[in-house]
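Working notes for the structure below.
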Amino acid sequence: MYKQYVSVQEALEIILAHADEPMIEVVKLEDCLGRVLAEDVVADSPIPSFHKSPLDGYAVRFIDVKDAKPDQPVTLEVIESVPAGHVPALEVIVGKATRIMTGAPLPQGADTIIKFEDTNVQKDQTQHYENSSQHVDIYHVPKSPGNYSHVGEDMEQGQLIVTKGRLIDAAVIAVLASFGYHEVHVYRKPNAIVFASGDELVSVDQQPSYGKLRNSNSPSITAQLIAWGVRAQMGGIVPDQKEQIASTLLAALDSHDFVVTTGGVSVGDYDVMKEVFQAIGAEILFWRVAMRPGTPMVVAKWKDKMIFGLSGNPSAAYISCELFVRAFVRKIQSLSDVWREPVRAMLTRSVGKVVGQDRFLRATASVSREGSLLVEPLATQKSGILSNLIDANCLIYVPASKQKIHSGDSVDVILLHPPTASNHELNRAKDIPLFGFAGFANSGKTTLVCKVIARLREMGYRVASVKHDGHSFQMDQEGKDTWKHRQAGSEAVTITSDSQLAFIDYRKYEREEQLKQALSHIRDVDIILIEGFKTLSIPKIYVVRNPDLLHHAYELPMVEAIATDFSLEQQKLPVYDINDVEGLSRYIVNRVLGES
Ligand SMILES: Nc1nc2c(c(=O)[nH]1)N[C@H]1C(S)=C(S)[C@@H](COP(=O)(O)OP(=O)(O)OC[C@H]3O[C@@H](n4cnc5c(N)ncnc54)[C@H](O)[C@@H]3O)O[C@H]1N2
Ligand code: MOO
């Protein structure tokens, strides 16, 4: 009996265990772009192979020119001119110089190149120096000799330059060309065919009648495979009819390294894919992965060929393909990083989780102006929804154990494409959860923050806080030593003792940079409470005691709850009494520390 409901990790391990070593073939250099290198490239000669000039100028002896200055030039006699590709005939001896072009070999005796801009030729320029006595004035010299390209400066003889398993791009091609690889050993491209199953499907060029739809999976899966280096072809639509699928598959398996199908892998009356795989003698490696989307996936092996039966739901098929088929495809091409390592990103919107399975949420990752990675889950996560794949450049991985992920959380993200630039402004320097209290003057937010700090302390949490002051506060005292440092011109004064440390930075920062700077000094606490900074994107409680200001709760970014002392009609946001320190503290703990 085959395995059912394997974990994501197990599914990956099983698939990779069946990914065989690739074969090697030889292709011409001009055909190797995008292929995978099957041999190590070791420098069989140094590059450059001769000392060469990196400038258009004069090759000289440093000792002759070292004292040259703009008002005291040194004059040398020019003995010859060497273009690139030509060999110098004469040695540079005392008082002589060779006119030299970029890329030309350094003449004997010379150890320094003076660029044209630092020289002045005294006579008419001529190509023939043997009988003329042309001179050059040198006005400026480098600090030391040796400003030419040395033998092996770029690549030393015997050095390993590119390792096998590397995807060949233009840079690798430059190296291959430099060492004379007019033919290159590469791993053979795997070939594959993609079928779609379902009586409801019509091909792309047809008009679907009621109840039917166009087959979008085959083109998209084929495109994914091609992008990963597979010679993939679309095998068309097969009806939900066992014998027909079986014969189609057998013919396809014969001439392809692996086969991908979509649809027919769930528990419906016409979900026949698994049975067909068994009927043609394939071994089912597993059926169903404990993840969403993409639960109903069946992976089988027929002789030495793999069959991936992906879900019919377009985004489930796309995501399973991105994760599992891609890993397989990379392994059989000997590429590394078969599984994209997740990176951490800050979630900008909370999401609840409806299933007790690992989830991969379609999302948009972006880099904030300060360089933090942010991630925004897309509005709908239904596996039948195709359109939001357009905006999904990443998947948020939410392990089965998490019930909800909250905005401000640090989450695992699998990047499918590079993140976009973001207009989000906050950069959290550390992974400590932040929670804010925002309000206008006299809202009572300081009193509330202090009570919450005290309560969180009682609950055993280590708390740090950051306060934004709308005015210019005074930390320094006139006449004290830190004040004297400041007066002397120090831009940031730090004072420490065995019991405390204070850092006073006198530079002006934009609002979000102020918070970033403040956060960069905090570590080893469980939570950081932020008072003020109401316009920044951090999860926050809006504190309000003036009904006229209530509307800001819905205008400021990331307000999650309201704390007030007046009674309110039904609100979209949860409302707490401003004195309900226990309730508010529990909310914060629950919310950002994931505990209750
Ligand atoms: N009783 C249950 N029903 C379902 C379960 C379950 O656990 N119990 N799982 C659901 C989940 S989750 C998924 S995902 C789907 C997967 O079903 P199949 O993989 O068998 O796929 P189909 O039923 O063939 O199709 C699903 C859906 O996708 C459309 N589709 C199919 N192929 C294509 C294509 N080539 N291009 C575009 N769209 C396609 C198809 O019309 C369906 O709407 O099962 C749930 N059911
Ligand atoms: O496993 Mo299915 O792909 O979520 O709908």
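Atoms within each ligand, like the ligands themselves, are counted from 1 in listed order.
At least one N or O atom of G294 sits closer than 3.5 Å to an N or O atom of ligand 2. Residue S311 has no N or O atom closer than 3.5 Å to an N or O atom of ligand 2.
Here the heavy atom of the protein found nearest to atom 23 (O) of ligand 1 is D271 OD1, 4.0 Å. The nearest heavy-atom contact from the protein to atom 4 (O) of ligand 2 is R292 CD, 2.5 Å. Nearest protein heavy-atom neighbour of atom 22 (P) of ligand 1: G264 N, 3.9 Å. For atom 5 (O) of ligand 2, the nearest protein heavy atom (residue, atom name, distance) is S383 OG, 2.1 Å. Closest to atom 33 (C) of ligand 1 among all protein heavy atoms lies N217 ND2, 3.2 Å. In this structure, atom 1 (O) of ligand 2 lies nearest to the protein heavy atom T295 N, 2.7 Å.
For atom 43 (O) of ligand 1, the choice among V204, N313, V267 with the nearest heavy atom turns out to be N313. With distances taken over non-hydrogen atoms, the option nearest atom 17 (O) of ligand 1 out of S266, S383, P314 is S266. The nearest non-hydrogen atom to atom 28 (O) of ligand 1, considering only S220, G312, P296, comes from G312. With N215, T295, T261 as candidates, the residue nearest to atom 35 (N) of ligand 1 on a non-hydrogen basis is N215.
Every atom of ligand 1 is numbered from 1 in the order shown, and the set under 4.0 Å from a heavy atom of E200 is 31 (C), 40 (C), 41 (O). Within ligand 1, the atoms closer than 4.0 Å to a non-hydrogen atom of R292 are 12 (S), numbered from 1 in the order shown. Using a 4.0 Å cut-off to heavy atoms of R214, the atoms of ligand 1 that qualify are 36 (N), 37 (C). The contact set between ligand 1 and L213, taken as ligand atoms under 4.0 Å from a residue heavy atom, comprises 37 (C), 38 (N), 41 (O). Taking every heavy atom of S311 and a limit of under 4.0 angstrom, the matching atoms of ligand 1 come to 14 (S), 16 (C), 19 (O). Annotation for ligand 1: atoms under 4.0 Å from non-hydrogen atoms of A196 are 35 (N). Numbered from 1 in the order shown, with element, the atoms of ligand 2 that lie under 4.0 Å from a heavy atom of N313 read 5 (O). Listed by number with element, the atoms of ligand 2 under 4.0 angstrom from any heavy atom of P293 are 1 (O), 3 (O), 4 (O). Set against the non-hydrogen atoms of V265, the atoms of ligand 1 under 4.0 Å away are 18 (P), 19 (O), 20 (O). Within the listing of ligand 2, atoms 3 (O) sit less than 4.0 angstrom from a heavy atom of A316.
Within the structure, the closest approach of M297 to ligand 1 does not fall below 4.0 Å when heavy atoms are considered. Under the 4.0 angstrom criterion for non-hydrogen atoms, G268 is not in contact with ligand 1. Residue contacts with ligand 1: S216 is included, with a non-hydrogen atom under 4.0 Å away. Residue contact annotation: M273 has no non-hydrogen atom under 4.0 Å from ligand 1.
With ring centers used as reference points, F324 lies 6.0 Å or more from F308. The ring of F286 has its center no closer than 6.0 angstrom to the ring center of Y5.
Side-chain N or O atoms of R330 include one that pairs as donor or acceptor with a backbone N or O of D337 at under 3.5 Å. A donor-acceptor pair is defined here as one N or O able to donate and one able to accept, closer than 3.5 Å; such a pair exists between the side chain of D257 and the backbone of N191. Side chain of D412 to main chain of R344: no donor-acceptor pair is present (N/O by atom type, distance under 3.5 Å, no hydrogens or angles). The main-chain N or O of N217 is found under 3.5 Å from a side-chain atom of S220 such that the two form a donor-acceptor pair. K331 contributes no side-chain N or O that, together with a main-chain N or O of V329, makes up a donor-acceptor pair within less than 3.5 Å. Side chain of D169 to main chain of A171: a donor-acceptor pair is present (N/O by atom type, distance under 3.5 Å, no hydrogens or angles). Distance alone, capped at 3.5 Å, is enough to place a donor-acceptor pair between the Q224 side chain and the Y318 backbone.
Remark: of the listed residues T248, I193, D304, V259, V259 is the sole one forming a side-chain contact (heavy atoms from CB on, under 4.5 Å) with L253. A side-chain contact (heavy atoms from CB on, under 4.5 Å) with I528 is found for exactly one of L515, V463, I522, namely I522.
Contacts between I237 and ligand 1 below 4.0 angstrom, taking non-hydrogen atoms only, are absent altogether.
Ion pairing between E560 and K540 fails under the 4.0 Å rule for side-chain N and carboxylate O. By the 4.0 Å N-to-carboxylate-O rule, E582 lies close enough to R586 to be salt-bridged with it.
A side-chain donor from one of S315 and R362 sits under 3.5 Å from a side-chain acceptor of the other. Inspection of the Y542 and K534 side chains reveals no N or O donor paired with an N or O acceptor under 3.5 Å.
Taking all atoms of both residues into account, the shortest heavy-atom contact from L37 to Y187 is O-CE1, 3.4 Å.
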